[in-house]
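This chain uses plain numbering: 1 for the first residue, then up along the sequence.
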Amino acid sequence: MTTPAPLAAAPAEDFEGQYVRPLVDRWDQLIDWDRRRASEQDFFVELLRGAEAHRVLDVAAGTGYHSITLAQQGFDVTAADGSAEMIERTRRNAEAHGQSFRVLQADWRTLRQHLDGRYDAIVCLGSSLPHLFQEDDRRAVLAEFHEALNPGGVLIVDHRNFDAIRRHRYQSSGNYYYCGTGATVTVAHIDAQLCRFRYDFPDGGRHHLEVYPILSAELSSLLLDTGFDTVQTFGDFQEDFDLDEVDFVIHVARKS
Ligand code: SAM
């Protein structure tokens, strides 16, 4: 049996250091694209069409699942991510799926330096925003996203249900976003400032990801503070949900 890899020495705030090659190599196994598609159905496509979005920026492309899915649905997609490993994987997956769109490595904190014009929609999915540990960073990045949107634009940003996790109620159904059946995801540590997830793979590989456990109401109010006009919240893709029960919370913030 392979000895599990030790906890990465990289500080939690170094998101790039957390997405080491062996974890990136396993990311698609963690997602299970077919099961993710079956659980999401057309949730994001319908939201984006409802917002009359055409030009869409995926700021946390990861291995490219949403960028590729949205491109297949006819959106004009730009895929961005701060991790060189992830962005390389997006490129390869896009090619494998016969899709071609702009792919760029960009840290959210300097996002607009990399952009060519504004977007009708920005998606930041898969519980990515919690990689920002400092409230000042979260505010600055949400303001950056707001600025990168056209008037009438929409930001869709999600996170794991840290309200429940902080009450020690983590029991992911495995039905949403990270649907792969091989890996076991557990919470190795939780307090108000840090959540450390542990990923155990069937081949003995072990990885950790450290994030800031943002609360749903905390993000909604930050979105309003940073200039968005309205925020609608969904739990596991349902508008009517119980915050004690859902795995993921999705915020849809609109700019007038
Ligand atoms: N959206 C993908 C998915 O659902 O599979 C990936 C989600 S993964 C949990 C988080 C992603 O956010 C990683 O690809 C990471 O590189 C990216 N990320 C984290 N912090 C970032 C930052 N400051 N700037 C740009 N990308 C960042």
Rounded to the nearest 0.5 Å, how far apart are SG of Cys195 and NE2 of His208? 11.0 Å
Can you confirm whether or not the ring centre of His251 sits under 6.0 Å from the ring centre of Phe228? no
Indicate if Leu222 and Leu215 have the same hydrophobic cluster label, given that clusters are the connected sets of ILVMFWY residues with side-chain heavy-atom separations under 4.5 angstrom. no
Mark yes or no for whether Thr110, through its side chain, and Gln113, through its backbone, hold a donor-acceptor pair below 3.5 Å. no
Using links of under 4.5 Å between side-chain heavy atoms of ILVMFWY residues, direct or through other members, which residues join Phe241 in one cluster? Leu243, Val246, Val249
Can you name the residues that form a side chain to side chain contact (heavy atoms under 4.5 Å, CB included) with Arg167, not counting sequence neighbours? Asp163, Arg169, Asp244
Going by the angle between their ring planes, with limits at 30° and 60°, are Trp108 and Phe15 parallel, tilted or perpendicular? parallel
Ser216 side chain near Thr233 side chain, heavy-atom distance below 4.5 Å: yes
Quick one: which residue pairs count as a salt bridge (Lys or Arg N to Asp or Glu O under 4.0 Å) with a foot in residues 140-154, not counting sequence neighbours? Arg112-Glu144, Arg118-Glu147
To the nearest 0.5 angstrom, please state how far the CG atom of Leu70 sits from the CZ atom of Phe44. 9.0 Å
Does one hydrophobic cluster hold both Val211 and Val185, with members joined at side-chain heavy-atom distances below 4.5 Å? yes
Can you sort out the partners of Asp236 under side-chain hydrogen bond (donor to acceptor under 3.5 Å, both in side chains), two or more places apart, ordered by chain and number? none
Verdict with reasoning, Trp27 to Met86, per side chain to side chain contact (heavy atoms under 4.5 Å, CB included): CA-CA 9 Å; Trp27 201 258; Met86 283 295 204; 3.8 Å; yes
Can you list the residues that meet the ring pair (Phe, Tyr, Trp, His ring centres under 6.0 Å) rule with Tyr212, with sequence neighbours excluded? none
Do you know the tightest heavy-atom contact between Leu125 and Ser128? O-OG, 2.8 Å
Joint cluster assignment, Ile190 & Leu132, ILVMFWY side-chain distance < 4.5 Å: yes
Sequence neighbours excluded, the answer for side chain to side chain contact (heavy atoms under 4.5 Å, CB included) partners of Ala84 is Glu16, Gln105
If you round to the nearest 0.5 Å, how far is CG of Asp25 from CZ of Arg89? 4.5 Å
For the residue pair Arg166 and Asp191, what are the closest heavy atoms and their distance? CG-O, 4.2 Å
A cation-pi test, strictly: NZ or CZ of Arg160 under 6.0 Å from the centre of the six-membered ring of Phe197 and no more than 45 degrees from its axis. Yes or no? yes
Taking side chain as C-beta onward, heavy atoms only, is Val59 less than 4.5 Å from Val157? no
Do you know the tightest heavy-atom contact between Phe145 and Leu155? CD1-CD1, 3.9 Å
Evaluate the side-chain proximity of Ser39 to Arg35: yes if any heavy-atom separation is below 4.5 Å, no if none is. no
What pairs with Tyr65 under ring pair (Phe, Tyr, Trp, His ring centres under 6.0 Å), at least two apart in sequence or on another chain? Trp33
OG1 of Thr90 to CZ of Phe101: how many Å apart, nearest 0.5 Å? 6.5 Å
Is a donor on one side and an acceptor on the other found under 3.5 Å between the side chain of Asp107 and the backbone of Gly82? no
Path from Leu149 to Val231 over hydrophobic side-chain contacts below 4.5 Å: yes
Gap between atom CD of Gln73 and atom CD1 of Ile68 - 0.5 Å precision: 13.0 Å
Does any pair with a residue in residues 39-58 pass salt bridge (Lys or Arg N to Asp or Glu O under 4.0 Å), and if so which ones, sequence neighbours excluded? none
Say you draw a straight line from CZ of Arg102 to CG of Leu57; how long is it, rounded to the nearest 0.5 Å? 9.0 Å
Which residues share a side chain to side chain contact (heavy atoms under 4.5 Å, CB included) with Ser221, sequence neighbours left out: none
Looking at every heavy atom in both Leu48 and Ala121, which two are closest together, and how far apart are they? CD2-CB, 3.4 Å
Residues in side chain to side chain contact (heavy atoms under 4.5 Å, CB included) with Glu88, at least two apart? Arg91, Arg92
Going by atom types alone, do Glu210 and Gln18 pair a side-chain donor with an acceptor below 3.5 Å? no
Within the structure provided, determine whether Thr63 and Ile31 are in side-chain contact (heavy-atom separation under 4.5 Å). yes
Flag yes if Leu115 and Phe75 sit in one hydrophobic cluster, no otherwise; membership is Ile, Leu, Val, Met, Phe, Trp, Tyr, and two members link when side-chain heavy atoms are under 4.5 Å apart. yes
Contacts satisfying salt bridge (Lys or Arg N to Asp or Glu O under 4.0 Å) that involve residues 215-235 (not counting sequence neighbours) are Arg138-Glu218, Arg139-Asp225
Got a sec: does the CD of Gln72 have more than 12 other heavy atoms crowding it under 6.0 Å? yes
For Phe162 and Pro130, work out which heavy atoms get closest and say how close. CE1-CG, 3.8 Å
Could you tell me if the side chain of His131 sits less than 4.5 Å from the side chain of Ser83, heavy atoms only? no
Does the side chain to side chain contact (heavy atoms under 4.5 Å, CB included) test come out yes or no for His189 and Leu194, once each step is laid out? CA-CA 7 Å; His189 174 90; Leu194 171 70; 3.7 Å; yes
Pair Tyr176 + Phe248: ring centers closer than 6.0 Å: no
Testing the basics here: between Ser67 and Ala79, what is the closest heavy-atom pair and its distance to 0.1 Å? OG-CB, 3.3 Å
Test: salt bridge (Lys or Arg N to Asp or Glu O under 4.0 Å). Region: residues 64-86. Which pairs qualify, not counting sequence neighbours? Arg21-Glu85
Please check this pair: side chain of His146 against backbone of Gly227, looking for a donor-acceptor N/O pair closer than 3.5 Å. yes
